[in-house]
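Proteins get letters first, then strands, A, B, ... in listed order; numbering begins at 1 in each. As the structure is a computational prediction, the values presented were derived from the model and not from experiment.
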Number of protein chains: 2
Amino acid sequence: MIAPPAEQLRQLTLAFERFTRRFKVAEATAAIANSLNALDVQALLFIDDNPDCKLGDVARHLQVALTTMSSSIDRLVRRGMIERHRPETNRRSVALNLTQGGKDTVAGYMEGYQDACNAMLEPLDPAERADFVRLTLKIAQHET
Amino acid sequence: MIAPPAEQLRQLTLAFERFTRRFKVAEATAAIANSLNALDVQALLFIDDNPDCKLGDVARHLQVALTTMSSSIDRLVRRGMIERHRPETNRRSVALNLTQGGKDTVAGYMEGYQDACNAMLEPLDPAERADFVRLTLKIAQHET
DNA sequence: CTAGGATAGTACGATATTCGTATTATTCAA
DNA sequence: TTGAATAATACGAATATCGTACTATCCTAG
């Protein structure tokens, strides 16, 4: 791969730093509304993306101690947002899935994200929007 | 403004949800390396972006209680990353600025962001990269 | 086929963080 | 010039995070 020009990269970095900061604030607001903390929300979104994942997977992905994740999952179970169950294939682990309530909550977050994305598209004309979405998808689908 | 097609918006939302999750994880990793917590890092980035801002500005932007921000700023001052000073124009408030150490820390984060951005550009060819950066800047510069 | 080690998660207590209330200092305005 | 409004801090209660110790399950070498 040919490295992109340094200036291009610098500008992109600044822009994305702002984007993520905005998304994060939007997320924090929504978290407060649902009286969930930031970690719990991230866990919820990861489980939505990875059904039947194990507790350790979430902990590793979110870079927190296993015990911290265990507490987080406790809270989410207590709030009726996710379900634990022991898979027969490996009864040491717990598989995690969203309940309907959890799905509804995720949908609420996604709506917030959607509003933010909509605002992003605003300054672009229709052709530019199509381009931007196409390139974004190309990046997103290129799994790391 | 004409609303973008629903499907376009949905796809963009999913892609950006993943982006921000990745950035957040990268940030958490860097935060742990500097033994700072998530809030402190966000505060640092905001102050970098808004020199001489007031403590209340940061609290409002990051949607946390004023006392929480006060604690966060305490920690950052103790770690020698920012400086408080009372502006003569309004001696109730405190103006916040990064020290050299704080600037270095921010630069470290930006480097992490830059790596993540670089990885994003990887699946695109040079023409697409130029397009993507151009459109991203157009969005970022359209201040909300 | 079973004993020892490895893996997956939980219980519990220590430390740190967040937040609400009360307080101090400063500014504004009637 | 006094009272209300603004800006931040002090302090204590509630909560979150994390490390250590523990339980349960799985794997594998003898």
Side-chain angles (χ1 to χ4, degrees), chain A residues 24-25 27-47 50-79 81-97, chain B residues 24-25 27-47 50-79 81-97:
Chain A
K24 205 164 313 184
V25 168
E27 207 173 81
T29 312
I32 290 163
N34 287 18
S35 70
L36 292 176
N37 72 22
L39 178 64
D40 297 358
V41 174
Q42 290 308 303
L44 217 51
L45 292 173
F46 181 80
I47 295 166
N50 301 273
D52 272 321
C53 62
K54 292 184 290 175
L55 192 144
D57 297 336
V58 191
R60 263 186 302 280
H61 179 76
L62 299 179
Q63 313 259 30
V64 296
L66 212 55
T67 51
T68 304
M69 190 44 62
S70 196
S71 303
S72 171
I73 297 301
D74 265 354
R75 286 190 293 271
L76 289 168
V77 169
R78 245 181 292 132
R79 282 176 170 78
M81 293 194 176
I82 66 179
E83 277 171 346
R84 278 186 247 242
H85 80 99
R86 297 275 174 189
E88 280 312 312
T89 53
N90 183 350
R91 295 183 42 70
R92 287 170 302 187
S93 62
V94 296
L96 303 172
N97 281 290
Chain B
K24 202 165 312 184
V25 169
E27 207 173 80
T29 312
I32 290 161
N34 287 20
S35 71
L36 291 175
N37 71 23
L39 178 63
D40 297 358
V41 174
Q42 290 308 303
L44 217 50
L45 292 172
F46 181 80
I47 295 166
N50 301 273
D52 273 321
C53 62
K54 293 184 288 175
L55 192 145
D57 296 336
V58 192
R60 263 185 302 280
H61 180 75
L62 298 179
Q63 314 259 26
V64 296
L66 212 55
T67 52
T68 303
M69 191 44 61
S70 195
S71 303
S72 170
I73 297 301
D74 264 355
R75 286 190 293 270
L76 290 168
V77 168
R78 245 181 292 133
R79 282 177 170 77
M81 294 195 176
I82 66 178
E83 278 172 346
R84 280 185 245 241
H85 80 99
R86 297 274 174 191
E88 280 311 312
T89 51
N90 182 351
R91 297 181 41 73
R92 287 170 302 187
S93 61
V94 296
L96 302 172
N97 281 289

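One atom, CG of A/Asp52, and another, P of C/dA8, lie 16 Å apart when rounded to the nearest Å. For A/Arg60 and C/dA8, the CZ to P distance is 7 Å, given to the nearest whole Å. Counting to the nearest Å, the C1' atom of D/dA7 and the CG atom of B/Asp57 are 11 Å from each other. Taking atom CZ of residue A/Arg75 and atom P of nucleotide C/dT18, one finds them 13 Å apart after rounding to whole Å. In this entry the distance linking CG of B/Asn37 with C1' of C/dT18 reads 10 Å, nearest Å. In this structure, CG of B/Leu39 is placed 13 Å from P of D/dT17, rounded to the nearest angstrom. Rounded to an integer number of Å, the gap from CZ of B/Arg86 to P of C/dA25 is 10 Å. A/Leu55 places its CG atom 13 Å from the C1' atom of C/dT7, with the value rounded to the nearest Å.
Nearest-nucleotide mapping onto DNA chain D: of A/Thr89 and A/Asp40, the residue sitting toward the 5' end is A/Asp40. Residues B/Gly56 and A/Glu88 each lie close to DNA chain D; by heavy-atom proximity, the contact nearer the 5' end of the strand is made by B/Gly56. DNA chain C is contacted by both B/Arg92 and B/Gln63; B/Gln63 maps to the nucleotide lying nearer its 5′ end (nearest heavy atom per residue).
OP1 or OP2 of C/dA8 has at least one side-chain nitrogen or oxygen of A/Lys54 nearer than 4.0 Å. OP1 or OP2 of C/dC19 has at least one side-chain nitrogen or oxygen of B/Thr68 nearer than 4.0 Å. At C/dG9, none of the side-chain N or O atoms of A/Ser70 fall inside 4.0 Å of OP1 or OP2 (strictly under the cut-off).
Between B/Asp74 and B/Arg79, none of the side-chain N atoms (NZ, or NE/NH1/NH2) sits under 4.0 Å from a carboxylate O, so this pair counts as no salt bridge.
Between A/Ile73 atom CD1 and A/Ile47 atom CD1 the span is 4.0 Å, to the nearest 0.5 Å. To the nearest 0.5 Å, the span separating CG on A/Leu55 from CE on A/Met69 amounts to 7.0 Å.
Taking 3.5 Å as the limit, the base of C/dG9 and the side chain of A/Ser93 contain no donor-acceptor pair of atoms between them. A donor N or O paired with an acceptor N or O is not found under 3.5 Å between the base of C/dT26 and the side-chain atoms of B/Arg91.
Across all non-hydrogen atoms, the minimal contact from A/Asp40 to A/Asn37 is N-OD1, 2.9 Å.
Looking at heavy atoms from C-beta onward, A/Asn50 lies out of side-chain contact with A/Asp57 at the 4.5 angstrom threshold.
At the heavy-atom level, A/Arg84 lies under 4.0 Å from the strands shown only through sugar-phosphate atoms.
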